[in-house]
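Within every chain, numbering begins at 1; the chains are lettered A, B, ... in the order of the sequence lines, protein sequences first and strands thereafter.
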Amino acid sequence: MNSIDSHLPFLIMSALTLGSALVVVRVRNIVHAGFWLLPCFLGVAGLYALLQAHFFVVVQVLIYVGAILVLMLFALMLTQDVMNPNKPQTNRMSLPIGLFCVVFAAGVAAILTGHQWMNSRDVILPANVQTRQLGQALIGEYALPFEIASVLLLAALVGAIVLAKSEKEPAPLPLPSLEALPDSKPE
Amino acid sequence: MNLSDFLVVSALLFMIGAYGAFTRKNAIAVILSIELMLNAANLNFLSFWRFLHPSSMEPQIFVLVGITLAAAEAAVGLAVILNIYRDFGTINVEDISLLKG
Amino acid sequence: MPNDYSSLHPIILLTVLALFIILLDIFLPKKKPAFLGWLVTIGGLIILLIDWHSPDAKLWDGLVNFTSYSRAFDTIFLLTLITVSIASVAEEGAMSFRGEYYGLLIFSTVGLMLIASSGGLLMLYLGIELTSMCLFTLVGFAKREKRSAEAALKMFIIGAIASAVMLYGISILYGVLGSTQFDRMSLAVARLDAAQSMALWLGVAFTLAGIGFKITAAPFHMWAPDVYEGAPTTITAYLSTASKTGGIAALLQFILLGMHSALLEWTPIIMLLAVLSMIVGNLVALVQTNLKRLLAYSGIAQMGYIMVAIAGLQATNGSMSVASAYVYLLLYSFTNVGGFLIAQAIADVTGSTEVSALKGLHRRSAPLAFGMLIVLFSLGGIPPLAGFVGKIYLFAAGWNGGQHLLVLLGAIVSVVSLYYYLMVALQVYIKDPEEKSRITVHSSLSAAISICVVATILIGAYPRPWVELGQYAASGLQRVSSMNIARTK
Amino acid sequence: MPIIWLIPLAPLIGALIAGVLALTRKAEKVAPIFTIAATLYSGYIALFLHRGYASATWLTIGSSYRIALDVNLDALTFTMVCVVTLVSALVQMYSIGYMENENGYARYFAYVSIFTASMLGLVSADNLFQLYVCWELVGICSYLLIGFWWFKPSAANAAKKAFVVTRFGDVGFLLGVLLLSSAAGSFQFTDIAHTMHAISMGELFTPLVSARTFLWLAPLLLFCGAVGKSAQFPLHIWLPDAMEGPTPVSALIHAATMVAAGVYMVTRLFTLFAYVPVVTETVLVIGMITAFLSASIAIVQNDIKKVLAYSTISQLGYMMLGLGAMGTVIAPSVSGVYTTGQTAAMFHLTTHAMFKALLFLTAGSVIHALHHSSDPNDMRSMGGLMKRMPITAWTCLAGVLALAGLFPFSGFWSKDAIFGALREASSKEPVAMFALVVAIIVAGMTAFYSLRLWLMTFWGEPRSEHAEHAHESPWVMTLPLVILGFLSVFLGGYLYFGDRFANSLTGLNMPTEPLNPALAGISTLVALFGLGLAWKLYAVRRLEKDPVTSLPSSVYSFLVNLWYMDAFWNRFGAAWVVALGGMVAWFDRNVVDRIVSGLPAWVCQQGGLAIRKTESGQTQSYAVTVLAAVSFIIVTLLWLTKYLPGPMHITMITH
């Protein structure tokens, strides 16, 4: 199983992902939390790269970093005065819930690593073939889920407009970036 | 570096996300945490694809669906929060509890 | 099964109908009644007709399966969509974004229909997410109302977490089984020593969170009462029936198609859900003062009764459990929609959904009071109304499935439940009204209520065709399932 | 369609017509014509056909269960149909006068007619399912009719109480139905009887419980239903409250027919009860406790309807006594065993239906005459009505004497049949001997309170303004009284002397068990003693104070009566009877009432409140629950599959 020769990139990427994820959920300043999401997503993209899923590296950066994150930051800017960053940003239950999550994570990890995974292979197909196959699948075998995903996005868009649009004034800030979403959807 | 390593990373990422979703007061931070959870699931799919079924198309479709969902959820979620902000003047999840019992 | 793409027509047409209505509304004059709900009704009926005439099909190597099962469940979804739409006509005047309202409602029905025809976890998941995504918005549709906004936030957060948990669970299932397609899953489960594979059950438990969220079976029920109370009542009606029905449809497919050979291990999970739902739902409903909350908790309890039948899947070879669950969902849809719509009619006049607002309803509007009585008695399982037939059928399926203790518990909590249904009936018939003014109901709202009440009486008085419909639904699932089993051997 | 279907359907059609008339609010007054005609027509069909059978499939569940609708007109059903249609028609006729000025006139007749239809459906059922459905339906009708005067909070609460309390019994009944039908794979009576026989022979396995347990559990579960519906101890508490309904309703539902449904059901399914002695002994003991307890309470009641209500409970206890005693077996067979106890119980059911309906209707007539008074039910403000309402008074006396069991009134024959069954049983079972003694004491108490009722109401001088100006009721009300009075006097003797009752029930031609002269003599003496005591205490011109409440040292009673015997009876007779009655009433109110309707309700309430606390409104605590539930499911499965493989398979009881 050691066709990927070095452990080092994996360690760096996981550390980046998990470390910045921890900062995201713990840091008091919410805007900082938003910015810390960037290295986290990049770390995940790095892990995808290690898994030879090149297409998804690009998608991850484009969608998450490019669109979702920007959207989040807009919303954060809009509402940042609401929460006082000098007060605790977590609720009273944070310690027991933290313990619960640690135990649960350990349990899940133990079960998953203990499982005998069947037909584990080391075949790595060239990335470009993967992407082409994916494109073919999306207009062939998996056309229906693809279309339904677009209906899902449409419904989300309509819903977001309905909810966000105030009854009198024109649409508030988040909307322009929302409209950018379908374009950045992987085709 | 093998499948188990990736699975452990994704399990940890998932639980960190869950922890954030359960404890952050700020509703937007809750959405950020949920994005982490979705990423963990995607990472799982791609690891299984890479190590177990490299010729299968299903996990990739699922990852695409997951990413689409993340985008849609971000859009709707932020609109919902904006609405809350207008009505309540706060986005602290703890303070929004008119409905109970 | 033939490879006939015309089976997709109902779903496509429904999507087109949604888009058409959203676009049409732009060109219609605002502030005037547009009767878009009646347009949805006509469209829905036509699509229902087309659905019943489209052939069985297995498309894209089993990505979606159109069978009698999906057809029967589509019927519930479309009928609920129709009754809710008719009722919504009454609200159209006061509504901004009415086109979007119906559009999203129809999109969510599309999602539900996809669940019922899904051949794997992929379409199942997409269907669940499409439905949820529309409902997040619809729940918060009364934007100016704090409670509606809060309900939307609550449903969104819990729903998003549940969907993330479910996706994580599906990823594990994929890893363990090598596919998320039901037929291949059942093949892999049969090869596996299911009882010993903890990773499999890890995946199942996580996946169940998403389905449990839809069904609102305890302990995944927590969001439901709050959201039901806060959401616009027509949406609550839809949420408490069609959405739950979709959840049960998903659960049945997941168990019977995807994991048929592990039924034995499934049973304790379902038993747990059944016991918790029946106890939590009924006991908490006892101490409720808000009608919508009361119906929410009673709905949780009703899901528990259905779980009793599903827990009996192992021994009955499925068909009786599936048929009884279907019949119950069908009648429950009518009864519960009726209940919520009556609550809506009263709230339109009194501005309150508290049980105390029903005081002396009998003297303010006799037909409404009678409708409420029928709904309450049906939910309480009093013969000869629909709820009674359904409950007997469910418990018979559970009993035949060897779940004697669950049936016993179900019978006992049913008695407890009668207490709170009767308390409401007491308010309606016995108490003096605080105001004497008569309650007038918008004609389309009263049409929707009449449909529900008449259906509740009719199903109870003449249950045979509906039971046959349930058996028809079960046969569809059975056919696909036996094909899977044949492949296993 | 065979005409026999119309037996239950005709009143239903009548109810629909009355319902439509109630909706239109015009021509309300013609509603009773339809409902009475429909009821009489049902009775006429039964008389005309005499025997018959029809069955139709209503629903098939799964592959095996067939749910049928039947009309099985056999001897037992024939008797019940006659009783139900006769009493129902007379009560409806009476109601024309009684309900004249009430709101919801046609609605009332619609309810009564639905009730009649359901009751006829109940007695003509040939399967447990239909029996259960009709069982619930009559319960609902009872609920609707008790709460007919919904504007009275006491009526509303009584309706709810009646419904909820009987449901406690009905849970047992439902479980019994499920248990029996799942064992038999059918709901039909004959299938179930054969299954029970096979189980007793060890030829058949039973679900959930062992065959040994099944033989006593299943019939006792069924009996739970009878305890609820027939107001047996400890579920009898609803019946006195049910008197809040209109009095004709009390006569029809809460005296003559619905409350007797429990007795009918046990009679119909008696073959199931006969396998294990402990079952019949339970029936016997419950009947004995009920008969004694409620008779003693009836003595101290002042509300005329409450006296009759407790009396009804007591008489139903008698019927259960008869059933539990079994007596000797007349016609043994698997599907239908007939014993002298059964025939005695049904005999008493029939005569009781006549004289108790009569008593309630006379009470209603009195209440109707006094309806302007603040409490028209209170016997202390009556008195002297005999001159003002002669027909009511004389018919009431006939009912009172029938209830007291005085020779040759109807009650005498049927009560002695029960005593006879008890005596036969007492040679085998000591508990039956004891029950016989108790039953005879109860007969004395019954005679006492029934004559007390009559004397307080009709004798002496009026004790209130309203009583002074009372008038006899119109003929639509008195005619049913006269008919029922006639039946109360002669029906018992007529059925006894022609050997008619037992034979019509069993369909066999056998002589009735002759009267035991010693037993009949003792019971007559005891009844006479009770009547005499009541006469002594109450047959006064001006009843200033109710003797049962007066203290022994009361100077007044010493001066007026002059009889030391009076004081003696007051002191040693009535006083301790009152004390005992009071004690039992206290026990009833504070212990039985609380335990039955209090404790489970309290537990549920507290449970609900506790679980409700988890619904805190905090979104994130809900979210945690989702993941906690997931982890809980995982841990449970881990526990079930890995470490304890046993429980996993114990929970799975498969066929």
For chain B, the option from A:V108, A:L11, A:V102, A:L47 that forms the most heavy-atom pairs under 4.5 Å
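Winner by heavy-atom pair count: A:L47.
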How close do [X] and [Y] get, counting heavy atoms only, and between which atoms?
{"X": "A:F56", "Y": "B:Q60", "result": "CZ-O, 3.5 Å"}
{"X": "B:A71", "Y": "A:L153", "result": "CB-CD2, 4.5 Å"}
{"X": "B:A75", "Y": "A:A160", "result": "O-CB, 3.8 Å"}
{"X": "A:C101", "Y": "B:M15", "result": "O-CG, 3.8 Å"}
{"X": "A:S94", "Y": "B:T23", "result": "CA-CG2, 3.5 Å"}
{"X": "B:R24", "Y": "A:I30", "result": "NH2-CD1, 3.9 Å"}

Can you tell me how far apart [atom1] ([X]) and [atom2] ([Y]) are? Round to the nearest 0.5 Å.
{"X": "B:I61", "Y": "A:L144", "atom1": "CD1", "atom2": "CG", "value": "11.5 Å"}
{"X": "B:T68", "Y": "A:I148", "atom1": "OG1", "atom2": "CD1", "value": "12.0 Å"}
{"X": "B:L13", "Y": "A:L22", "atom1": "CG", "atom2": "CG", "value": "9.5 Å"}
{"X": "B:S4", "Y": "A:L112", "atom1": "OG", "atom2": "CG", "value": "8.5 Å"}
{"X": "A:L51", "Y": "B:W49", "atom1": "CG", "atom2": "CH2", "value": "7.5 Å"}

Proximal component of [X], with respect to chain A [non-hydrogen, under 4.5 Å]:
{"X": "B:L36", "answer": "side chain"}
{"X": "B:F48", "answer": "side chain"}
{"X": "B:E73", "answer": "neither"}

Mind running side chain to side chain contact (heavy atoms under 4.5 Å, CB included) on B:I67 and A:Y64 for me, showing each step along the way?
CA-CA 8 Å; B:I67 290 174; A:Y64 272 106; 4.0 Å; yes
Atom group of A:I97 that falls short of 4.5 Å from chain B, counting heavy atoms:
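Interface part for A:I97: both.
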Please assess A:T113 against B:L7 for the test side chain to side chain contact (heavy atoms under 4.5 Å, CB included), listing each intermediate value before the final yes or no.
CA-CA 7 Å; A:T113 50; B:L7 294 181; 5.5 Å; no
Under a 4.5 Å cutoff for heavy-atom pairs, which residue among B:L12, B:L43, B:V80 has the most contacts with chain A?
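When all of B:L12, B:L43, B:V80 are compared, B:L43 has the most.
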Quick check for you: among B:L69, B:V8, B:V63, which has the greatest number of heavy-atom pairs under 4.5 Å with chain A?
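If we count pairs closer than 4.5 Å to chain A, B:V63 comes out on top.
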May I ask you to test the B:L78-A:L71 pair for a side-chain heavy-atom distance under 4.5 Å?
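When only atoms from C-beta onward are counted, A:L71 and B:L78 do touch, with a gap below 4.5 Å.
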For A:Q60 and B:N39, test the side chains for any donor-to-acceptor distance below 3.5 angstrom and give the result as yes or no.
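Yes, a side-chain donor-acceptor pair sits under 3.5 Å.
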Take atom CZ of B:F88 as the centre, draw a 6.0 Å sphere, and report whether it contains more than 12 heavy atoms from other residues, nucleotides or ligands.
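Buried by this count: over 12 neighbours within 6.0 Å.
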Please indicate whether A:M93 has more than 12 foreign heavy atoms, meaning atoms of other residues, nucleotides or ligands, lying under 6.0 Å from its CE.
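Atom CE in A:M93 is not packed in, count stays at 12 or less.
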Flag the pair B:F6 / A:F10 as yes when their ring centroid distance falls below 6.0 Å, and as no otherwise.
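Yes; A:F10 has its ring centre under 6.0 Å from that of B:F6.
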Main-chain N/O of A:L50 paired with B:R50 side-chain donor or acceptor, under 3.5 Å:
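Absent.
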Given A:L138 and B:L64, is the side chain to side chain contact (heavy atoms under 4.5 Å, CB included) satisfied, shown in steps?
CA-CA 10 Å; A:L138 283 181; B:L64 273 185; 3.7 Å; yes
